[in-house]
Structures are given as structure tokens and as C-alpha cells.
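Please read the structure below before turning to the comments.
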Amino acid sequence: MGQRARLLLLLCLVVLWVAGLAAAAWLLYASHVLSPTSFPGVPTSHTLLSTTDEEGNQDESLESKTLSAEDQVKDHSTGTRVVAGQIFLESGKSDSQSEDEESFHSQEEEKENSLEELNSLEMSNLLNKDLEEAEVQSPVLTAIGGTADGEPCHFPFLFMEKEYPECTADGREDGRLWCATTYDYKEDQKWGFCETEEQSNKRRQMQEAEDVYQTGMKILNESSKKAQKKEAYQYLLKAADMNHTKAMEKVSYALLFGDYLKQNIQSSKELFEKLTEEGSPKGQMALGFLYASGLGVNSSQAKALVYYTFGALGGNLIAHMILGYRYWVGIGVLPSCESALTHYRLVANHVASDISLTGGTVVQRIRLADEVENPGMASGMLEDDLIQYYQFLAEKGDVQAQVGLGQLHLHGGRGVEQNHQRAFEYFNQAANAGNSHAMAFLGKMYSEGSDVVPQSNETALQYFKKAADMNYELALKYFQKAAEQGWVDGQLQLGSMYYNGIGVKRDYKQALKYFNLASQGGHILAFYNLAQMHATGTGVMRSCHTAVELFKNVCERGRWSERLMTAYNSYKDGDSNSAVVQYLLLAEQGYEVAQSNAAFIFDQKEASIVEENETYPRALLHWNRAASQGYTVARIKLGDYHFYGFGTDVDYETAFIHYRLASEQQHSAQAMFNLGYMHEKGLGIKQDLHLAKRFYDMAAEASPDAQVPVFLALCKLRVIYSLQYVREINIREVFSHVDMDQLLGPEWDLYLMTIIALLLGTIIAYRQRQHQAIPRPAGLRPAVPQQEPPPEHQPPQ
């Protein structure tokens, strides 16, 4: 027993000694390797490599795309700023903030320097090791044929006294790529091809297709005439036949919409399928659209969702927008506000970064149903007298009017054609008056260059510096005056200054106030900033619902909104098929006006690309989507479709529900009148003439146009009410309950007989006077009947 105890004790000592060595090794390793990861801002080889991989790889999963989009949205609660087409300088911070940040950064720099000294050797070794592995893994190009078949190519190699770092076609008439396997080709004459003959032919074919594509795109971008654009698409057709991906994308969409090519949905579908096989996000999105709308294929929302998802994974913004709307409404998926927010925010970030401070391009939302009822109605364009008023103010030296007109002429829209010369003149006048906004626009014009303003980075930089060096206190003063006068850009800038604490104490409530004011004027960046605040809960209670609605508004101001006018022009030109396809794609993106216009075209049976028996069900679907976004006419149309059985079974109760929603939510006179009629007839609801009269009266109060039909309906209602009252009462029973002696007195019968006698006498006297008053014509006497003369001679008996 004593020997066994000694052995156990010795074993325990050995275990403790090993554990101590392991702990010491771990501490040594942690002090040299793991300690940098406990401090933010100190990169390691792993983080560097992972960052490089994420930036280089575009085909990420939906989750990684979502994270990258969220990284673009700064956390406003920690003092980061709204960056959406605006530039804010770091010098705008308060002195106390600057001092705190400088001391903090100095401490961080000291920590980083000390850590870098400890970690620099290890970092360099790890990076060198990674680079060596990358070099080892890079493929070695082997010569094919020639005088050195199978030998590795040598780069660089010397040929005709020139070094080539890669394969070349110099010296060959067939254009086939080759390389040398030694440094000096002239001395060793060892060479081989870099590609097979098949690969060479394919490469030359793709180069030829690229040249044809570039020729077509050059004509398409530089011309404005329809004939020249059709010529450009002939080049694109040729390039598409040579399997050029971008050309196939352009041609497939042109065939789908009928843009400068004859509309052919089946051919466009085949091209989309080919593009999808090659991994084109545009092709995937378009194929999803075909399955969603049932054009050229059997409708399948499941397949549409798959293709939309793949298109979004490839970075297609329209696919993201469609998915955002589907998750928002719940089309083919369970409704998810957070998923909708993710997709919409990603698209809104791109839209906000593309637009300038003008508030974005003007979206012409023309409703076909309203145009039919009110032909020649204004389509949201500025009237000439209003523009003349602004021109008058600009001539009088109004800086805000000068900047506004400059923006209008710079970008065009709202009935004003693009004119860079006029824009430059207005901006120059405002800049001479010291307006930093105009200086920034002048810098933008010089930076981009045009026919009027030559491109000059130096001049652009000077104007940008002038705009940036403006006194923030003076800017605050000007922006406050501008905001008080209702200038939208002034309200936006003032909100930004309050939000960032530039020239004024940071105040999120004031920022929210001015962003709301700017959004009422339609400024797209104001919508974007409000959406960011609601999404992150900065200065306001976080609301996913509000954030999605605001982001959706921003997304609908993207460059794809121009197709609304393209579709409208196609419809006005009589091409309903092209118009309805364009409206259907925009409807998938969530444009309410596109949904209602597509439904209107189907309702009028003007689209021949679908079967006649499908028109009403398709119209019903899009009326339903437009109604869910608050369009009153669509809600009434839903009631009509269920009332008459268009595209569905007759259902008075459902019709009554839709009419009631339109009446309560949008105060529609038409819906109130229909509710009155249904109460009058007892359709879908118990008959109630009193409620019918109430709804008729409400319709007359809601709209002056409803007063005449309401008057006729009330007259009819009174007649019906009287007949119904007479039908319901029992006259004999009524008289049996009437006591005439008590009502008219004990001698009421004598009174009644006297009244009857008087009435009879009056009638007799009246008729006698009528006979006496009949005039007789003069010279006429009553005829006397002639008697036969007595016979003189009578025959004998």
C-alpha cells in the first residue's frame, strides 16, 4: 500500500507540472497573438483576408447582402450623420466635441502603435505566407503546340525587342494568342499557343460581338430620332445573335416591351431563359416577372419568387424592389415588415446616392381612368404663368428663385426642357450673391462638363471649396429664413444642421420637424432621412411600418420611374399591348398608378396579348392591389366587380363591404350613392329606406356632381315609401277605430250631407254655365226636318 501511494503521488506531481507548462504557453501565446483582437481598429490577417473576400465576391447570399446594406445605414443614435447626396465637413463639430474626439483618438493611436510593434512581425509573416500560398495556387499557363508543346510559358518574354507580361497575338495574322517558354524568343525560338483553335475562334467571335454592341450603343446614346434608334437595335440584334450577354439583355427587354422592335413575348422569354442559364440577374428578374404575370408561360408565383430571389442575389435593384413589395403586402410569401425594410432600404440607398439636391426627378403619375373622365386634364406640370413668376423674382435678384430655376433647367422636367446655358446663368447669378448652394451646383457642372460648360476639375474644386468654406452661423441664418418662406431645400438643409449639430446644438426633434416640412414639399432626400430616423428610432419611436412606407416612396423615385411616361406614351400612340406589359412590370414593383392603369386597360379589353376570358380576373387582381394602397376608384371598382360578377361570382355582401370602405376611408360620393341603392333594394343588407335616404343625402353633401342623381333617387324613394305605407296599413281597421262623434261632433252627419249637397249644386251650376257659354256661328239656324208632301195621286186599291 505504501508503494502504491508513492506512485500515485508521483503521478499527481507530473500532471501538475504538465498543466503549469501548458498554462504558461497559453499566456505567452495570448499576449503575442490574441491581445490585438481585444482592441477595436487593430486588423488581423484573418479580418483582412475576409474583408477582401467579401468585397471581391458579388454572388453572396441574401443574408450577406442584407448585412452589407445595413452597414451603409449608419447608427444615428451614436452621432453619425445622414449622408444622402450632401457633404458635411468634420470642422462643423462643436469645440467640445472636437477636443473630446481628439483626446480619444490620441489614446487609441497610442494603443494601436504599441500593439502594432508587438504584432507587426507576426502580421508580415502571416501575410507573406498567404501570398506564397496564393502564388502556388495560381494556375501555370502551358504552351500548346508550337516548338515547346507542354512547357510552361515564361513571363515576361522578349519578342521584337519588347517585353510581354502576357500572351500576345503580335506577329501572327490569324490573331491567335501565343507565348514564349524562355525569356528571349529570338535566341531560343521556343514558343507555343496559349489557347486552342476553338478557344481562339470563340474569343475572336466575342470580340467581334463586343465591337458590334459598342457601335449599337453609341448610336443609341447619341441619337434622339426614332429611325436611328431602330438602326441601333439592329446592331444589338446582331450582337445578341453572337451570344453577347449585354446585347441579349437589351434585345430581350426591347422584344418584351416593343421598344424599337416588334413586340414578341415568346422570343423575349427564350432570351430570358438563355440569360438565366448564364447567370444574368436581369434575365432572372425578367423571367420571374413573366411567371408572376403569366405572360408567355403559365403563371406560377412560386417560380417567380425563386427567380426574383436569384436576381436580387445578383444585385438587381428592381428585383430587390419587387421582393420588398411582396414581403410588404404578402404576395406569395408571409408578410414581413423587417424583410421588406431590408430590401427597400438597400434600393433607397442607391436612389439617394444617385440623385442631387433638386429633390429627384419628377415622376409623372397619370391615371388613364381619370384622363377618360376628364380629357385634357393637367398632368402635374408647372404652368407657364408660375414659371414666369419665378423668372420675375430671379430678375429682381431673388437668390432662391435663381437657384430653383437653375436646378429646373439643369435637370429638365415639369414642363421645362433641359438647358445647361440657362442653368449656368442662374447659378452664376446666385453664386455671385454668395449662395453656397449655387456654388456647389457650379462645381458639379464643371466637374461633369457639357457643351456649355467645359470640363475642369480645377474650377470645380474652387467652387466646391467656396461652398464648403461658408460660415455655418450665416448658413443657419439663411436656411432659417428660407425654411420660414417654405423653400424646400432650405428646410432640408436646416434639418440636416440640427441633426448633425453643425452651427447649432444637436436637436433631433427640430431635425424631424424640418425633414417633415421638406417631405411635404416632395423632397426625396427628406423622405430618405425620415425613413432612416424611423428605421433606427433616432429622435422618434422606431416604426418599421412608417420606415417601409417612406423607403418605398424613395425607391419609386428611381430612374426606372421614367417607364411610367414611356408606357403612357405607348398607350396614347395606340399600342395597348406594349403599355400594359410596361405597367405590369411597374405594378410588380409596387407602383399604385401602374396597378390601376394596367387594371384599366384590362377592364376596357384593350390588350390582345391575353385571352378575353382572362381580362376581368386580371383587372380584378390589379384593382385589388391598387385599392390596398388607398386608391378610391379601385376600391369602388372592386365593389362593382362583385356586384355585377365581373371576373368573380356575384357577391352583394362583398360588394357592400368594398363600398363601405370607400365611403368611410376615402369619403367617396359614388360609394355612398351605391350604399344608398343597396339599402333601398336590400341587396347584401337588410332593406332600410331610412338608411338609404341617409346615404343619398351624404352623397349629395360629399360631391356637388351627385346632387342631380341624388334628387332623382330621393323622388323615387318617396314614391316607394308612400306605396309601401299604403300597402302596410288596413283602411277598414283604421276607420273602425275612428270615433266620428268625438272627432266631428254629434251632428257630423248633417254637416257631411250639407257639404255633399253644396258640392253637387256647385257641380250642376258649373255645367249649366258651360252649356250657356257655348257660342253659335252667325247665319246659321237650326235645321227644320223636311216633311214629305202628300201624294197627289195614289194608286187604286
Side-chain angles (χ1 to χ4, degrees), residues 329 367-374 580 583 587 592-593 595-607 610-721 724:
V329 180
R367 302 185 189 278
L368 300 181
D370 294 343
E371 275 221 333
V372 170
E373 294 182 2
N374 303 305
V580 77
Y583 279 133
E592 177 269 312
V593 65
Q595 293 167 349
S596 60
N597 286 349
F600 176 81
I601 295 175
F602 286 131
D603 180 80
Q604 300 296 313
K605 297 185 177 181
E606 296 177 342
V610 297
E611 299 293 334
E612 186 175 354
N613 60 345
E614 296 181 8
T615 54
Y616 281 138
R618 287 176 178 267
L620 179 65
L621 172 67
H622 289 90
W623 284 131
N624 193 18
R625 293 183 181 178
S628 65
Q629 299 198 60
Y631 185 38
T632 308
V633 175
R635 182 66 66 185
I636 296 174
K637 281 289 186 180
L638 286 177
D640 294 343
Y641 273 49
H642 286 92
F643 187 91
Y644 295 107
F646 293 158
T648 183
D649 296 331
V650 175
D651 189 346
Y652 293 130
E653 294 182 359
T654 305
F656 182 84
I657 292 172
H658 286 298
Y659 290 143
R660 188 179 63 186
L661 288 174
S663 172
E664 294 176 354
Q665 296 177 0
Q666 286 95 23
H667 304 287
S668 168
Q670 179 67 50
M672 295 173 186
F673 187 89
N674 294 348
L675 287 173
Y677 181 81
M678 296 186 76
H679 276 290
E680 176 187 334
K681 295 295 184 180
L683 301 173
I685 194 71
K686 184 180 179 181
Q687 187 180 31
D688 192 331
L689 298 182
H690 297 285
L691 281 177
K693 181 179 183 304
R694 179 183 175 187
F695 278 109
Y696 284 141
D697 291 336
M698 290 170 61
E701 294 176 359
S703 174
D705 297 335
Q707 291 181 357
V708 174
V710 165
F711 173 76
L712 297 176
L714 288 176
C715 292
K716 174 188 172 186
L717 191 64
R718 291 189 183 98
V719 173
I720 295 174
Y721 182 78
Q724 184 177 358

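All values reported here derive from a predicted model rather than from experimental measurement.
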What closest approach, in Å, do Ala671 and Ile636 show between heavy atoms, and which atom pair accounts for it?
-> N-CD1, 4.2 Å

Starting at OH of Tyr696, measure out to CZ of Phe711 and round the result to the nearest 0.5 Å.
-> 14.0 Å

Measure across Glu653 and Gly684 and return the closest heavy-atom pair with its distance rounded to 0.1 Å.
-> CG-O, 3.9 Å

Under 3.5 Å, is there a donor-acceptor pair between the side chain of Tyr659 and the main chain of Asp640?
-> yes

Show the numbers, then the answer: is there a side-chain contact (heavy atoms from CB on, under 4.5 Å) between Phe643 and Asn674?
-> CA-CA 10 Å; Phe643 187 91; Asn674 294 348; over 6 Å; no

Gap separating the NZ atom of Lys605 from the OG1 atom of Thr615, nearest 0.5 angstrom = 5.0 Å

Provide the closest heavy-atom pair for Ala699 versus Val710 in the form atom of the first, atom of the second, distance.
-> CB-CG2, 4.1 Å

Check: Val633 and Ser596 side chains under 4.5 Å, non-hydrogen atoms = no

Taking the six-membered ring for Trp, is the centroid-to-centroid distance between Phe695 and Phe673 below 6.0 Å?
-> no

Between Gly639 and Ala655, the two heavy atoms sitting closest are O-CB, 3.3 Å

Check Met672 against Ser663 and note the closest heavy-atom contact, atom names and distance.
-> CG-OG, 3.4 Å

Where do Lys716 and Glu680 land on the side-chain contact (heavy atoms from CB on, under 4.5 Å) test, with the steps shown first?
-> CA-CA 10 Å; Lys716 174 188 172 186; Glu680 176 187 334; 3.4 Å; yes

Closest non-hydrogen atoms of Arg635 and Ala627, given as atom of the first, atom of the second and distance, are NH2-O, 3.4 Å

Please test Gln665 against Thr632 for side-chain contact (heavy atoms from CB on, under 4.5 Å), starting from the C-alpha separation and ending with a verdict.
-> CA-CA 9 Å; Gln665 296 177 0; Thr632 308; over 6 Å; no

Approximate separation, where rounding is to 0.5 Å, of His679 NE2 and Leu717 CG = 12.0 Å

Name of the residue among Leu675, Leu661, Asp651, Leu683 meeting side-chain contact (heavy atoms from CB on, under 4.5 Å) with Phe656 | Leu675

Option from His622, Arg367, Gln629, Arg625 for which side chain to side chain donor-acceptor pair (under 3.5 Å) with Glu592 holds = Arg367

Test applied, ring-ring contact (aromatic ring centres under 6.0 Å, His included); reference residue, Phe646; option that passes from Tyr616, Trp623, Phe602 | Tyr616

Test item: Asn597 side-chain N/O and Leu368 main-chain N/O as donor-acceptor pair under 3.5 Å | yes

About how many Å separate CD1 of Ile601 and CZ of Arg618, when rounded to the nearest 0.5 Å?
-> 12.5 Å

NZ of Lys681 to OH of Tyr652, rounded to nearest 0.5 Å, is 11.0 Å

More than 12 heavy atoms from other groups under 6.0 Å of CG on Asp649 = no

Taking the side chain as every heavy atom from C-beta outward, state whether Leu714 and Asp697 have any atom pair closer than 4.5 Å.
-> yes

Roughly how far, to the nearest 0.5 Å, is CZ of Arg694 from CG of Asp688?
-> 10.0 Å

